[in-house]
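Index from 1, following the sequence. These numbers were taken from a predicted model, which means no experiment stands behind them. Ligands are counted one by one from 1 in listed order, and the atoms in each one are counted from 1 as well.
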Amino acid sequence: MGPRKRSQRGLQDLVVKQARTEQSGWTGVNERTFIAVKPDGVQRRLVGQIVRRFEKKGFKLVGLKLVQASEDLLREHYWDLRSKPFFSGLITYMSSGPVVAMVWQGLDVVKTARKMLGETNPADSLPGTIRGDYCVEVGRNVIHGSDSVSSAQKEISLWFPQNELQCWEHSCNSWIYN
Ligand SMILES: Nc1ncnc2c1ncn2[C@@H]1O[C@H](COP(=O)(O)OP(=O)(O)OP(=O)(O)O)[C@@H](O)[C@H]1O
Ligand SMILES: Cc1cn([C@H]2C[C@H](O)[C@@H](COP(=O)(O)OP(=O)(O)O)O2)c(=O)[nH]c1=O
Ligand SMILES: [Mg+2]
């Protein structure tokens, strides 16, 4: 194992550990997911439309920032895909401009957000989904969403320090949850 791999593993372990300490309570209406508008989505001015969909759905925004992600962060984020042939292209694409990183909270938000995104390949995504409505190719699919509660926990702790996540109450809570 070379120094890069070792440091990647170290970071990965740290993230997992941090995620474990932060995950307690992130269930039910407190479930959280990591969503990112990718560089193509930012360039194509889709940020407002995408935020609007999550807001209108009834999910709660608990973190949001515009960031130029480093290649190291992106390699960590997409660690599970490191052996895929498209990996280096994916890192180049994701670091080609700023992304809008967000954390959304609500009941079943991880699963529901994936449904709102559509399939990985926009061609397989139904109209009405974000990828179904706004993009054409898998390598320019405008948005990322965590694929499970455990990856959400890892991704949130990778992209957001605790003090950038807000705890607040929606004034219309009782109209969203019974
Ligand atoms: N065959 C491919 N060619 C080019 N890029 C790809 C390909 N497959 C996946 N990607 C890119 O890698 C990303 C990660 O792939 P993954 O399998 O995790 O899809 P996903 O979970 O739907 O996407 P994301 O993790 O970005 O939400 C995809 O969103 C896409 O941008
Ligand atoms: C599977 C796959 C993904 N990607 C890119 C687009 C995906 O959004 C990104 C991450 O892949 P993945 O996490 O599998 O998909 P999703 O984005 O739906 O969670 O990698 C490709 O470019 N080609 C591919 O064949
Ligand atoms: Mg994925």
Notebook entry, point to check: Looking only at N/O atoms, are Glu119 and ligand 2 under 3.5 Å apart anywhere?
Noted result: no

If you measure every N or O of [X] against every N or O of ligand 1, does any of those distances drop under 3.5 Å?
X	answer
Gly145	yes
Val138	yes
His144	yes

Notebook entry, point to check: Of all the heavy atoms in Lys38, does at least one lie under 4.0 Å from an atom in ligand 2?
Noted result: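 For ligand 2, residue contact (heavy atoms, under 4.0 Å) with Lys38 is present.
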
Next item on the list: For Leu90 and ligand 2, answer yes if some heavy atom of the residue is under 4.0 Å from a ligand atom, otherwise no.
Entry: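 Leu90: in contact with ligand 2 (<4.0 Å).
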
Measure [X] to ligand 1 on non-hydrogen atoms and call it side chain, backbone, both or neither using the 4.0 Å cut-off.
X	result
Glu119	neither
Arg114	side chain
Leu81	side chain
Leu90	side chain
Thr120	both
Glu155	neither

Top protein contact for [atom], by heavy-atom distance:
atom	result
atom 7 (C) of ligand 2	Asn141 ND2, 3.5 Å
atom 28 (C) of ligand 1	Asn141 ND2, 3.5 Å
atom 6 (C) of ligand 1	Phe86 CD1, 3.5 Å

Part of [X] within contact of ligand 2 (heavy atoms, under 4.0 Å):
X	value
Thr120	both
Met94	neither
His77	neither
Val138	both

Notebook entry, point to check: Can you find a pair of side-chain heavy atoms, one from Val29 and one from Asn173, that are under 4.5 Å apart?
Noted result: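 No, their side chains stay 4.5 Å or more apart.
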
Check: Given side chains that start at C-beta, do those of Ile130 and Gln49 come closer than 4.5 Å, heavy atoms only?
Finding: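 Sidechains of Gln49 and Ile130: no contact.
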
State the [atom1]-[atom2] distance between [X] and [Y], to the nearest 0.5 angstrom.
X	Y	atom1	atom2	result
Leu61	Gln166	CG	CD	9.5 Å
Asp72	His77	CG	NE2	14.5 Å
Gln43	Lys38	CD	NZ	15.0 Å
Leu74	Trp79	CG	CH2	14.0 Å
Arg32	Phe160	CZ	CZ	10.5 Å
Lys60	Glu169	NZ	CD	4.5 Å

What atoms in ligand 2 come closer than 4.0 Å to a heavy atom of [X]?
X	value
Leu81	10 (C), 11 (O)
Arg114	16 (P), 18 (O), 19 (O)
Tyr78	10 (C)
Arg131	8 (O), 16 (P), 17 (O), 18 (O)

Margin query: Which residue in the set Trp26, Trp104, Trp159 passes ring-ring contact (aromatic ring centres under 6.0 Å, His included) when paired with Phe34?
Written below: Trp159

Ignoring hydrogens, what is the shortest heavy-atom contact between [X] and [Y]? Give both atom names and the distance.
X	Y	result
Thr129	Leu126	OG1-O, 2.6 Å
Val110	Ala152	CG2-CB, 4.1 Å
Leu117	His144	CD2-C, 3.7 Å

Checklist line | Over 12 non-hydrogen atoms of neighbours within 6.0 angstrom of CG in Asn178 | finding: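 Result for CG/Asn178: open.
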
Check: Taking atom NZ of Lys115 as the centre, does the number of heavy atoms from other residues, nucleotides or ligands within less than 6.0 Å exceed 12?
Finding: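 For Lys115, atom NZ is not crowded (no more than 12 foreign heavy atoms under 6.0 Å).
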
Note to self: I'd like to know whether ligand 1 has Asp147 as a neighbour, heavy-atom separation below 4.0 Å.
What the structure shows: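 Judged by the 4.0 Å heavy-atom criterion, Asp147 does not count as contacting ligand 1.
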
Notebook entry, point to check: Are any of the heavy atoms in Lys38 under 4.0 Å away from ligand 1?
Noted result: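 Per 4.0 Å heavy-atom rule, Lys38 contacts ligand 1.
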
Check: Counting heavy atoms only, which of Phe87, Tyr93, Phe86 comes nearest to atom 2 (C) of ligand 2?
Finding: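 The nearest heavy atom belongs to Phe86.
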
Notebook entry, point to check: Does the side chain of Trp175 pick up a donor-acceptor pair with the side chain of His170 at under 3.5 Å?
Noted result: no

Next item on the list: Within a distance under 4.0 Å of any heavy atom of Tyr78, pick out the atoms of ligand 1 and give their elements.
Entry: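 Heavy-atom distances to Tyr78 below 4.0 Å select 14 (C), 24 (P), 25 (O), 26 (O).
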
Margin query: Under a 4.0 angstrom heavy-atom cut-off, which atoms of ligand 1 come close to Arg131?
Written below: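 Close to Arg131: 22 (O), 23 (O), 24 (P), 26 (O), 27 (O), 29 (O).
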
Check: Between Met102 and Val37, does a side-chain contact (heavy atoms from CB on, under 4.5 Å) hold up when you go through it step by step?
Finding: CA-CA 8 Å; Met102 300 180 269; Val37 182; 3.8 Å; yes

